[in-house]
Amino acid sequence: MTSEENERREHHHRPRGHRAAGPAPDAHTLGPLDDAQAQLAFAVERLGLGPGAHAVLSAPRRELTVSVPVRMDDGSTQVFTGHRVQHNFTRGPAKGGVRYAPTVDLDEVRALAMWMTWKCALVDVPYGGAKGGINIDPRSFSQGELERITRRYTSEIMPLIGPDQDIPAPDVGTSEQTMAWMMDTYSVNQGHTVLGVVTGKPVSVGGSLGRASATSRGVAHITLLALAHRGLDHARSTAVVQGFGKVGRDAARLLAESGVRVIAVSDIDGAVHNPDGLDIHALMRHVDATGSVAGFGGGEAIDGEAVLELECDALVPAATEGVLTDENADRVRAGILVEGANGPTTKAADAILARRGVLVVPDILANAGGVVVSYFEWVQANQAYWWSEDEVNERLRDRMTSAWHAVLTYSQGQELSLRQAATCLAVQRVWEAHRLRGQYP
Ligand code: NAD
């Protein structure tokens, strides 16, 4: 199936905003790709780059849509649809996660791939941007089925990936185990072990110390920097975290360990609130035992969407895109919004939050810690020389801190929001690389 055919088919079936849960999407936005394109259009205009640059930067360089036929445990065969999009690879190999979720479609993957390009440029790692995904709910499959889905998907996208071409990593619904299967499938086909083909692997098969919590650690650093910027003492500050997965869980833990009072968290099954601060370690044990924050005795159960509207200093959406919309942005009572997730704030919500004086720290800055340590993992794998966890964490802190200061200084100098500043800085770097390399032929 060609991308065009697939796009036509998916466009027909795609619900507006294509979100599984949460408040109604903005009336004026179709989904994350519209938001990503609007951010790029703003940056191109502001930087005076012109229509040629806009055309180059708005179109993905490569897209592959694949059928993934898989033998199920009951002996039947099912066929799933997978995608891999490389938005840009001018600054180095394409880099980006693989998502398993029922919301996955080509437009979502395109948006996430474009954000990866800007994120990698912003934290100055030598990568372009990519993303992949399969339209499945991973919770509906056995481990054996997930392994076969992953291996067949990897084999189908094999022409695009490789340590010098495109390096996948975990995202929503995928894990270290998924990356181990991808690395093994790629390696078996090459005839030798290729550790650098994916990042976010288990440490015992070439993963980096510190990678599992790197995105969360970056989110926590940035939250503390944003609190300080607003003149708030973090030991007297409160935070709310939406999502308790790979990003949200350790973000909540690290914020709590830094002295911030984490008063509420949520996941897809429920939410808990305790104005005195949740015991995050006890909550983590509860989630390990039950699979969800729902039913935790150390707080009061509240509605999942209500967490976004609680009074707090820092709100950290760390679940999925499009959760802050023109329906609920007026009710946000946080002073600072730190985007742990990619694209949690729609364009319309962004404008409302800006008008209300909420400091929005954009995804491409706030959650870049993951790709920074993915880069460290790739460097270590390529050199077959491993760093200590302290070294990884220290280098991560340095990169996040300098990216924060670069974005803040640019935003103040140019009178832009942090999102506009971050996008302009990143787009400028990517376009500079295009300009210097020149247009072939
Ligand atoms: P994950 O699958 O590990 O966890 C997602 C969490 O969000 C789960 O707890 C799930 O229950 C919860 N959730 C989903 N929908 C929800 C809703 N409507 N309300 C409340 N909770 C909901 O995924 P992850 O890796 O933690 O990724 C979360 C976000 O962070 C995504 O936007 C992802 O693209 C982004 N991100 C992830 C990484 C990474 O390294 N994993 C890096 C950068 C950005």
Side-chain angles (χ1 to χ4, degrees), residues 17 19-23 25 32 95-104 108-109 111-113 115-116 118-120 123 129 131-133 136-139 168-179 198-201 207-208 210-219 222 240-252 264-272 283-284 287 290-294 302-308 315-325 328 338-345 362-375 377 396 400:
R19 298 181 48 253
K95 183 91 190 78
V98 174
R99 177 175 290 196
Y100 291 173
T103 54
V104 167
E108 184 185 64
V109 178
L112 291 162
W115 284 325
M116 280 306 294
W118 312 144
K119 193 181 301 183
C120 292
V123 289
K131 206 80 183 191
I136 52 167
D137 180 352
R139 300 203 295 182
D171 190 72
V172 173
T174 56
S175 64
E176 289 187 348
Q177 177 61 75
T178 320
M179 294 304 114
V198 291
T199 59
K201 301 181 291 298
S208 173
R211 172 60 183 90
S213 58
T215 309
S216 318
R217 197 170 286 278
V219 167
I222 293 288
V240 166
V241 180
Q242 182 199 39
F244 209 67
K246 293 187 291 301
V247 179
R249 176 181 169 125
D250 276 333
V265 302
S266 67
D267 65 17
I268 191 122
D269 297 315
V272 278
L283 178 59
M284 285 164 62
V287 172
T290 67
S292 170
V293 302
I302 57 166
D303 182 65
E305 285 172 30
V307 294
L308 300 171
L315 172 61
V316 182
T320 189
E321 59 259 18
V323 295
L324 291 156
T325 69
N328 61 2
V338 181
E339 295 187 333
N342 287 309
T345 312
D363 43 14
I364 59 171
L365 171 62
N367 69 34
V371 80
V372 167
V373 178
S374 273
Y375 165 59
E377 179 177 331
L396 169 64
M400 295 306 293

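Model, not experiment: these values are computed from the prediction. We count ligands from 1, going down the list as the structure has it; atoms in each ligand are counted the same way.
Contact annotation: for Ala318 versus ligand 1, heavy atoms closer than 4.0 Å belong to the backbone alone. Under 4.0 angstrom from ligand 1, there are no non-hydrogen atoms of Glu321. Contacts with ligand 1 closer than 4.0 Å are made by side-chain heavy atoms of Thr215 only, the backbone lying farther away. Contacts between Arg249 and ligand 1, counted as non-hydrogen atom pairs separated by less than 4.0 Å, are absent for every part of the residue. Only the side chain of Arg211 comes within 4.0 Å of ligand 1, judged by heavy-atom distances.
Between the choices Ala319, Gly291, Ala341, the shortest heavy-atom distance to atom 28 (C) of ligand 1 belongs to Ala319.
No donor-acceptor pair under 3.5 Å is formed between the side chain of Ser213 and the backbone N or O of Asp250. With Glu339 contributing its side chain and Asp363 its backbone, the two residues share a donor-acceptor pair below 3.5 Å. Distance alone, capped at 3.5 Å, places no donor-acceptor pair between the Thr215 side chain and the Gly369 backbone. Distance alone, capped at 3.5 Å, places no donor-acceptor pair between the Asn342 side chain and the Leu112 backbone. Side-chain N or O atoms of Ser216 include one that pairs as donor or acceptor with a backbone N or O of Lys246 at under 3.5 Å.
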After noting the C-alpha distance and the side-chain angles of Val172 and Thr103, does the key distance pass the side chain to side chain contact (heavy atoms under 4.5 Å, CB included) rule?
CA-CA 11 Å; Val172 173; Thr103 54; over 6 Å; no

Give the C-alpha distance, both sets of side-chain angles, the deciding distance and a yes or no for side chain to side chain contact (heavy atoms under 4.5 Å, CB included) between Val316 and Val219.
CA-CA 8 Å; Val316 182; Val219 167; 3.8 Å; yes

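Distances below 4.0 Å separate heavy atoms of Arg99 from the following atoms of ligand 1: 31 (C), 32 (O), 33 (C), 34 (O). For ligand 1, the atoms closer than 4.0 angstrom to any heavy atom of Gln242 are 19 (N), 20 (C). Of all atoms in ligand 1, listed by their number and element, those nearer than 4.0 Å to a heavy atom of Gly340 are 30 (O), 35 (C), 44 (C). Atoms of ligand 1 lying under 4.0 Å from any heavy atom of Ser266, numbered from 1 in the order shown and given with element: 20 (C). Of all atoms in ligand 1, numbered sequentially from 1 with element shown, those under 4.0 Å from a heavy atom of Asp267 are 9 (O), 11 (O), 20 (C), 21 (N), 22 (C).
Checked against a 3.5 angstrom limit, the closest N/O atoms of Gly248 and ligand 1 fall outside it. Residue Gly370 has no nitrogen or oxygen atom sitting less than 3.5 Å from a nitrogen or oxygen atom of ligand 1, judged on distance alone. Any N or O atom pair closer than 3.5 Å counts here, and Gly245 shares at least one such pair with ligand 1. Considering backbone and side-chain N/O of Asn342, one or more are found under 3.5 Å from N/O of ligand 1. Residue contacts with ligand 1: Leu112 is placed with no nitrogen or oxygen under 3.5 Å of a nitrogen or oxygen of the ligand (distance criterion only). Among the atoms of Lys119, none of the N or O lies under 3.5 angstrom from an N or O of ligand 1. Ligand 1 has a nitrogen or oxygen under 3.5 angstrom from a nitrogen or oxygen of Lys246.
In this structure Ser208 satisfies the side-chain contact (heavy atoms from CB on, under 4.5 Å) test together with Arg211, Val373, Glu377, Gln380, Val392, sequence neighbours excluded. For Asp137, there are no salt bridge (Lys or Arg N to Asp or Glu O under 4.0 Å) partners, not counting sequence neighbours.
Scanning all heavy atoms of the two residues, the minimum distance from Arg99 to Asp171 falls at NE-OD2, 2.6 Å.
Proximity of Glu305 to ligand 1 is not established, as no heavy-atom distance is less than 4.0 Å.
Using a 4.0 Å cut-off between a side-chain N of Lys or Arg and a carboxylate O of Asp or Glu, Asp269 and Arg139 qualify as a salt bridge.
Considering CG of Leu365 and CD1 of Ile222, their distance stands at 4.0 Å, rounded to 0.5 Å.
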